[in-house]
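Before anything else, here's the structure in question.
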Amino acid sequence: MGNFVLDALRTSTLSIQTSFHEIKVSFGSIKSLLVPWTRSNSNNSSPVISKTKLREDIKEFDESKVGVKGLVDAGITSIPRIFYQPPENLIDSRSLTRTLDIPVIDLAASDRAIVVRQVQEASSKFGFFQLINHGIPLCRMDDVILSIKAFNELETELKSQYYSREGNEKRVLYYGSSLHLNELEGASWNDTLLVALGPEPAESCYVPEVCRMAVAEWDEEMKKLGGALLGLMSEGLGLKREALEEKLCMDARIMAGNYYPHCPQPDLTLGLKSHTDPSIFTLLLSNHVPGLHVKVEGHEWANLVAHPGALVVNIGDVLQIISNDKYRSVEHRVLANSLQEPRISVAVFFNPANDADTYGPLPEITSLDEPARYRDFDLLELRQQMKKEVGVKSLINNCRIGPNLKWRDWNPLRLLQSYVGSSQN
Ligand SMILES: O=C(O)CCC(=O)C(=O)O
Ligand SMILES: [Fe+2]
């Protein structure tokens, strides 16, 4: 075993026993991991560290299965270099004081036409909005947050039995540290538990017992609310209520339980790197610890603070494509948590599930005047995209019709459908 985890942990001896292996950690100097690199001097120099060493450190951290929570528990006061973000990813202090007011949509409002219009406006202008009076009892929300907290705060040896960045043999579950861990340009300061909720839900024995019940109950709520929301989004595009549901079949839901423990050097890293969700849309619940940062109007970052009890909705890349840019997926990230209390969030990603189908701008909303801006993609391509590291608008950029699109990517059927659609209007 190399020295990275050994180096990162400083003061006493930690012995972590798992059913897989034993990690004995005794402590050496962390000096070699630390470089004088703060926000104030981050513009001119980044630490010099070889890619090979970074790879070794990433591997060693991964194999230790302790997650960032394990590093914090061991009392580190400096973050290991694998978490250093390149200067362009670091937080500009002005953005810390900027707050974004996203639309608040009351789902109990009696006039459906007004709610449809609000959803349509919010989805096209902001890509983010929050739902109140959504019908989910507060105790359910508390339960799922507390259960994700309880899982992450299990004894390391118990929790690390679930550690798998590949998913288990049924590929239904992932628990690991930082989705970006394999990237060389800076891992994120969080641990994540991913659970497949559909179409074939994770076999319950694979879901940690401490959160099994709460996750199953949360999924029941998500199915109802997600279906209702998709109906509103459908009508917002001028389609019948069921149109998006019929096309997309939202059975392929995935839940991410994100845990952002205290970070001793929040200026140097991020809780979650900037990305757009490659989903249809995402329903996000979080505890009261702030951290969600959203890119406003494509350039400035601002804090998104949700109302207590509200659920945040964000449009994903799939819906931006399907709606031919009428709805927008917006870049977001999470700041590294400077507070002692952990930030906890539960994101449910609604993904398309019709295996045999292809997806692209809906013919009903394209025409000769508004031709399809994207080529079609299928679920294989979407899954490959999701398996890659999380990126900003990756699917959107891959599918956008532009100078780089090769002729074989054009779908003549779609062009024909656009034409027929427009001549019928
Ligand atoms: O933790 C959050 O607030 C955001 C999480 C997120 O963006 C994600 O899981 O895709
Ligand atoms: Fe996200």
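Whatever order the structure lists ligands and atoms in, that order sets their numbers, starting from 1. Atom set for the values below is all heavy atoms of this structure, side chains included, hydrogens, waters and symmetry mates excluded.
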Exercise. Just jot down the ligand 1 atoms closer than 4.0 angstrom to any heavy atom of N258, in number order.
Key: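 In order of numbering, the contacting atoms are 1 (O), 5 (C), 9 (O).
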Practice problem: Verify whether the ring centers belonging to H275 and H332 lie closer than 6.0 Å. | Solution: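 Yes, the ring of H275 comes within the 6.0 Å limit of the ring of H332, centre to centre.
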Quiz item: How long is the span from the CH2 atom in W189 to the CG atom in L268, to the nearest 0.5 Å?
Solution: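 Taking CH2 in W189 and CG in L268, the distance rounds to 10.5 Å.
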Quiz item: Going by the order shown, which atoms of ligand 1 are within less than 4.0 Å of some heavy atom of F349?
Solution: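 Once the distances to F349 are compared, the set is 8 (C), 9 (O), 10 (O).
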Quiz item: Which is it for T192 and ligand 1 at heavy atoms under 4.0 Å: side chain, backbone, both or neither?
Solution: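 None of T192 does.
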Going by atom type alone, with no hydrogens or angles, which donor-acceptor pairs under 3.5 Å involve a side-chain atom of residues 241-248 and a protein atom two or more places apart or on another chain?
unit_1: R241; atom_1: NE; unit_2: E235; atom_2: OE2; d: 3.1
unit_1: E246; atom_1: OE1; unit_2: K240; atom_2: NZ; d: 3.2
unit_1: E246; atom_1: OE2; unit_2: K240; atom_2: NZ; d: 3.4
unit_1: K247; atom_1: NZ; unit_2: D357; atom_2: OD1; d: 3.4
unit_1: K247; atom_1: NZ; unit_2: D357; atom_2: OD2; d: 3.3
unit_1: K247; atom_1: NZ; unit_2: T358; atom_2: O; d: 3.1

Quiz item: In terms of atom number and element, which parts of ligand 1 are under 4.0 angstrom from non-hydrogen atoms of V334?
Solution: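 Listed by number with element: 1 (O), 2 (C), 3 (O), 4 (C).
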Quiz item: Is it true that H275 lies under 4.0 Å from ligand 1, counting heavy atoms only?
Solution: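 For ligand 1, residue contact (heavy atoms, under 4.0 Å) with H275 is present.
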Self-check item: Side-chain (Y259) to main-chain (E153) donor-acceptor, under 3.5 angstrom
Solution: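 No; zero donor-acceptor contacts below 3.5 Å.
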Quiz item: Atoms of ligand 1 less than 4.0 Å from L272 heavy atoms?
Solution: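 Ligand 1 atoms under the 4.0 Å threshold to L272: 5 (C), 6 (C), 7 (O), 8 (C).
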Quiz item: How far does CD1 of I132 sit from CG of L311, to the nearest 0.5 angstrom?
Solution: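 It is 11.5 Å, given to the nearest 0.5 Å.
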Self-check item: Short side-chain donor-acceptor distance under 3.5 Å, Y84 and Q265
Solution: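 Absent: no donor and acceptor within the cut-off.
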Self-check item: Metal environment of the Fe ion (ligand 2), protein N/O/S under 2.8 Å
Solution: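 Those protein N, O or S atoms (cut-off: under 2.8 Å from the Fe ion (ligand 2)) are H275 NE2, D277 OD1, H332 NE2.
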Quiz item: Got a second to check how far I315's CD1 is from M233's CE, nearest 0.5 Å?
Solution: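 Rounded to the nearest 0.5 Å, the CD1-CE separation comes to 3.5 Å.
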Quiz item: Quick one: ring pair (Phe, Tyr, Trp, His ring centres under 6.0 Å) partners of F281, sequence neighbours excluded?
Solution: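 F281: ring pair (Phe, Tyr, Trp, His ring centres under 6.0 Å) contacts with F350.
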Exercise. Considering the heavy atoms of H332, write down every atom of ligand 1 situated less than 4.0 Å from one of them.
Key: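 Checking each atom against H332, I get 7 (O).
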Quiz prompt | Ring geometry between W301 and H293 (parallel below 30°, tilted from 30 to 60°, perpendicular above 60°) | solution =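 If you compare the ring of H293 with that of W301, the planes turn out parallel.
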Practice problem: Name all residues meeting the side chain to side chain donor-acceptor pair (under 3.5 Å) criterion together with D73; count only those two or more places apart in sequence or in a different chain, and write none if there are none. | Solution: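 K69.
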Practice problem: Within a distance under 4.0 Å of any heavy atom of Y260, pick out the atoms of ligand 1 and give their elements. | Solution: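 Those qualifying, in numeric order: 1 (O), 2 (C), 4 (C), 5 (C).
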